[in-house]
Amino acid sequence: LVVASLSLLLPLLVLPRPRRLCRALNIHRGGPAPSRVLAVAVEGVGAGRALGSHRRGGGTIAMASPSSASKESSSGDGGDLDGCSTREGFRIGYLSDVEGHWDYFLDYVERSNVLSWEEAERPPSVMIESEQIKFRRLALRPGARFVYGGDAVDKGPGDIRIVRALASLKSRYRDRVHLLVGNRDLNKLRLPSELSESDMTRDVDDIPKPFWNEKAKSLREYLENTREEKSVDGAKESLDDVNTRAERLRYMFRHTLGCPDTFEFRREEVRLLKQIYGEYPPDPDTHDVTPLREEVKDSTELILIGVSDEEVVDSFLYEMGPEGSLRQYLHLSSIAAIVGNTIFVHGAIDRLTMKYVPSPTTKFELPKSLPPPFEAPYAATPTDGKIIENVHEWVQNLNSYLHRGLDDFVARPEWNEERTSRGGESVLAIQCRPAMWGRSVVCNSYADGGVIATPDAEAERKRATRAARERSDPVQFEGIASDAMDPEPAGWLSRHGIRRVVVGHKPTGDCPAVLSHEYHGVEVVAVDTSYSRRRDLAGDNDGTAGEGEQFGESRGRAIAVVEIAGEDASSRNWLETSGVLACGTEYSNRFPILGGPDDDGGEDDDDDFGDRHLGRRLSDGWWVKAAVPPNYHLCRGSGRFVEYDIRPMEDVVDDLRLVDA
């Protein structure tokens with residue numbers, strides 16, 4: 001028996017350490033573990049939280065597991081395993097596509113290791129006295145940084161408060177906070193011109209359909225339908241009666257901006273602000289603070305406050321005016337930001353957008369020019385734009401393009417007499433792919449089917465590019481997905497020290513969609529959980545939000561916290577993702593180090609740091625999206641169809657070993 005036992009043990013003593021398995025189990029080699037409970041795969045709400053707790057705020061993080069409890073310093077003074085000590089001296093948080101969801105925003109801040117709320121004095125102009133109303137100011141934790149990735153508005157009752165909080169944060173931490181523009185932020189530049197008195201007096205047939213959506217209804221069709229809906233006992237209102245600013249705005253939201261509920265969400269928020277401040281718009285001395293009041297939506301007093309259609313329209317115009325929240329946000333924003341070895345944009349950096357800066361004379365319309373070359377080598381004419389080889393200069397030029405366009409909007413916010421030009425045309429163009437011949441770094445996007453890349457997306461991309469060239473039809477680019485696995489943009493970024501791209505814009509299922517850096521040297525991170533509710537888990541499956549769907553019908557339970565931490569911004573840093581999956585299970589993952597020595601998978605002391613299986617595609621097409629020991633959370637899909645699965649970690653490790661072979 002002794003001899004037999006020794007014969008079994010001897011190979012284990014001389015074999016190399018099982019690094020793949022170590023990675024699969026998400027063993028962290030030194031430094032702080034992600035500041036969230038590492039949950040087991042328990043189906044149910046808050047499974048991870050049931051296992052332990054954490055205290056945010058830069059102090060001690062206490063986490064309890066079923067078998068043990070541990071404490072680690074968030075400053076990075078973690079243990080030293082196998083002689084490898086990794087200390088955290090840098091942390092940046094990322095959030096994108098909140099789209100007015102106030103409750104989601106509050107929960108994100110609560111979970112964040114970067115943001116917090118600090119107490120603020122009651123503004124002098126606030127006359128109402130209520131212990132239920134507390135005023136807070138969004139704050140950045142010491143030494144931390146933060147990027148908001150765009151699309152702050154449209155699909156929830158928190159547009160004004162969220163945008164005010166972000167703008168205030170940026171104004172107080174200018175060098176450590178970056179606000180990016182998304183299409184939903186930029187397209188509000190249309191409102192002053194398209195709701196102006198001169199546009200309201202035009203014949204409805206002179207108002208064109210959205211050129212980027214061939215299936216959209218015309219304004220006349222919408223108004224005729226509205227007449228039918230408002231008819232009483234067969235008596236219809238005249239077309240002039242329904243051709244109001246409110247109906248024009250509802251038409252824009254429903255048929256040109258893809259957010260049919262925005263009008264009523266704004267009514268709800270204005271009602272709340274009138275309740276708190278006694279008037280709307282409130283005094284400008286309130287802009288720097290955020291009112292927080294729980295259970296206010298259930299208040300009878302709040303429901304009794306009236307907000308007319310005209311007040312709703314005026315609120316959108318006010319927020320785009322000189323004192324408005326969205327105007328301030330835009331003027332504090334950028335199209336792109338680089339922090340160390342990471343670049344942030346709202347949409348995507350692909351073969352069409354890389355190096356390209358549009359001409360400031362670009363108009364928000366179908367381009368009259370011939371299709372540009374869609375393959376390398378890239379070229380641009382002086383009237384079309386310019387190509388900039390250095391990625392840092394490219395970002396600077398993109399941001400100059402933005403602010404030049406915003407200044408143009410301020411100078412002439414309404415149409416000219418011929419309705420052929422208005423201020424901000426170039427900025428409106430960059431948030432519209434057809435207007436840019438598919439070269440919009442704001443609106444191009446990677447994600448498809450809840451993952452970072454799919455075969456169907458590749459086929460559709462090739463078809464659309466070919467059709468755009470053959471038919472000179474830029475509308476073909478609307479809705480296609482960029483190629484995150486393309487080595488051409490990755491090589492360009494790598495040559496300039498960029499090892500990670502972080503974007504939002506396109507839904508990624510119930511957690512971030514990541515492409516491992518092992519594919520081409522650049523890690524691609526897409527984060528947008530705005531459509532993450534799993535209807536297959538809904539109790540009644542009728543498509544309505546039920547118990548546990550705290551973030552609404554589309555978001556459901558899912559929330560994602562994305563942070564980058566490490567020794568510094570430019571090297572030896574890593575991605576951390578945490579939050580709640582659509583099924584209610586909490587997760588907390590750390591990805592491999594980027595920017596350090598031998599971070600391409602070579603033999604060095606960082607090999608076991610982080611989980612190298614995350615962001616990989618299995619042999620059968622499923623993507624590894626999150627670790628929830630003892631399983632991996634998998635996803636695959638196409639277009640709007642998304643499906644999920646879980647598999648034991650050992651099975652995933654074995655599959656990827658075969659893929660690598």
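What you are looking at is a predicted structure, and each value in this text was computed from that prediction instead of being measured.
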Report task. Could you walk me through whether Arg557 and Asp510 pass the salt bridge (Lys or Arg N to Asp or Glu O under 4.0 Å) test, one step at a time? Result -> CA-CA 9 Å; Arg557 302 168 180 163; Asp510 65 354; over 6 Å; no

Requested in this report: Determine, step by step, whether Glu319 and Lys188 satisfy the salt bridge (Lys or Arg N to Asp or Glu O under 4.0 Å) criterion, reporting the C-alpha distance in whole Å, the side-chain angles of both residues, the deciding distance to 0.1 Å, and the verdict.
Outcome: CA-CA 10 Å; Glu319 299 302 338; Lys188 302 307 176 295; over 6 Å; no

Query raised in the report: Run the side chain to side chain contact (heavy atoms under 4.5 Å, CB included) check on Tyr280 and Ile160 step by step: do they pass?
Result: CA-CA 11 Å; Tyr280 175 85; Ile160 299 171; 3.8 Å; yes

Query raised in the report: Are Asp107 and Asp103 close enough, and set up right, to give a side chain to side chain contact (heavy atoms under 4.5 Å, CB included), and what steps lead you there?
Result: CA-CA 6 Å; Asp107 201 18; Asp103 291 340; over 6 Å; no

Requested in this report: Show your working on side chain to side chain contact (heavy atoms under 4.5 Å, CB included) between Val514 and Leu614 and close with a plain yes or no.
Outcome: CA-CA 8 Å; Val514 179; Leu614 296 170; over 6 Å; no

Report task. Could you walk me through whether Glu268 and Arg271 pass salt bridge (Lys or Arg N to Asp or Glu O under 4.0 Å), step by step? Result -> CA-CA 5 Å; Glu268 181 180 341; Arg271 181 183 291 127; over 6 Å; no

Requested in this report: Show your working on side chain to side chain contact (heavy atoms under 4.5 Å, CB included) between Ser445 and Arg433 and close with a plain yes or no.
Outcome: CA-CA 10 Å; Ser445 58; Arg433 281 189 272 191; 4.2 Å; yes

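To the nearest 0.5 Å, the span separating CG on Asp199 from CZ on Arg248 amounts to 6.0 Å. Between Leu249 atom CG and Arg245 atom CZ the span is 9.0 Å, to the nearest 0.5 Å. Rounding to the nearest 0.5 angstrom, the gap separating the CG atom in Leu575 from the CD1 atom in Ile92 is 12.0 Å. Between atom CH2 of residue Trp117 and atom CZ of residue Phe135 there is a gap of 12.5 Å, rounded to the nearest 0.5 Å. For the atom pair CG of Leu180 and CD1 of Ile335, the computed distance is 9.5 Å after rounding to the nearest 0.5 Å. Annotation: the span from Ile559 atom CD1 to Tyr108 atom OH amounts to 9.0 Å, rounded to 0.5 Å.
Around CD of Glu119, the count of heavy atoms belonging to other residues, nucleotides or ligands within 6.0 Å does not exceed 12. Taking a 6.0 Å sphere around CZ of Arg254, one finds it holds 12 or fewer heavy atoms contributed by other residues, nucleotides or ligands.
Judged by distance alone, the side chain of Lys274 and the main-chain N or O of Gly278 form no donor-acceptor pair under 3.5 Å.
Residues that satisfy the ring-ring contact (aromatic ring centres under 6.0 Å, His included) test with His101, not counting sequence neighbours, are absent from this structure. Listed by chain and number, the residues in a ring-ring contact (aromatic ring centres under 6.0 Å, His included) with Phe344 are Tyr94 (sequence neighbours excluded).
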Side chains of residues 144-151: which donor-acceptor partners sit under 3.5 Å, not counting sequence neighbours?
from: Tyr148; atom 1: OH; to: Asp97; atom 2: N; distance (Å): 3.4
from: Tyr148; atom 1: OH; to: Val98; atom 2: N; distance (Å): 3.0
from: Tyr148; atom 1: OH; to: Gly150; atom 2: O; distance (Å): 3.4
from: Tyr148; atom 1: OH; to: Asp151; atom 2: O; distance (Å): 2.9
from: Asp151; atom 1: OD1; to: Asn183; atom 2: N; distance (Å): 3.2
from: Asp151; atom 1: OD1; to: Arg184; atom 2: N; distance (Å): 2.8
from: Asp151; atom 1: OD2; to: His346; atom 2: NE2; distance (Å): 3.3

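A donor-acceptor contact closer than 3.5 angstrom links the side chains of Tyr222 and Glu247. Defined by atom type and a distance below 3.5 Å, a donor-acceptor pair is missing between the side-chain atoms of Arg250 and Thr226.
With contacts defined as side-chain heavy-atom distances shorter than 4.5 Å, the pair Pro210/His255 does not qualify. Between Asp154 and Phe265 the shortest side-chain heavy-atom distance does not fall below 4.5 Å. Counting only heavy atoms from C-beta outward, the side chains of Val177 and Leu140 approach each other to under 4.5 Å. Using a 4.5 Å cut-off on side-chain heavy atoms (C-beta onward), Val395 and Asn399 make contact.
Residues Arg111 and Glu586 are paired through a salt bridge, judged by an N-O separation under 4.0 Å between the basic side chain and the carboxylate. With respect to Arg91 and Glu563, a salt bridge is recorded, a charged nitrogen being found less than 4.0 Å from a carboxylate O.
Nearest approach of Pro512 to Thr577, heavy atoms of both residues: CG-CG2, 4.1 Å.
Taking the six-membered ring where the residue is Trp, the centroids of Phe253 and Phe316 are separated by under 6.0 Å.
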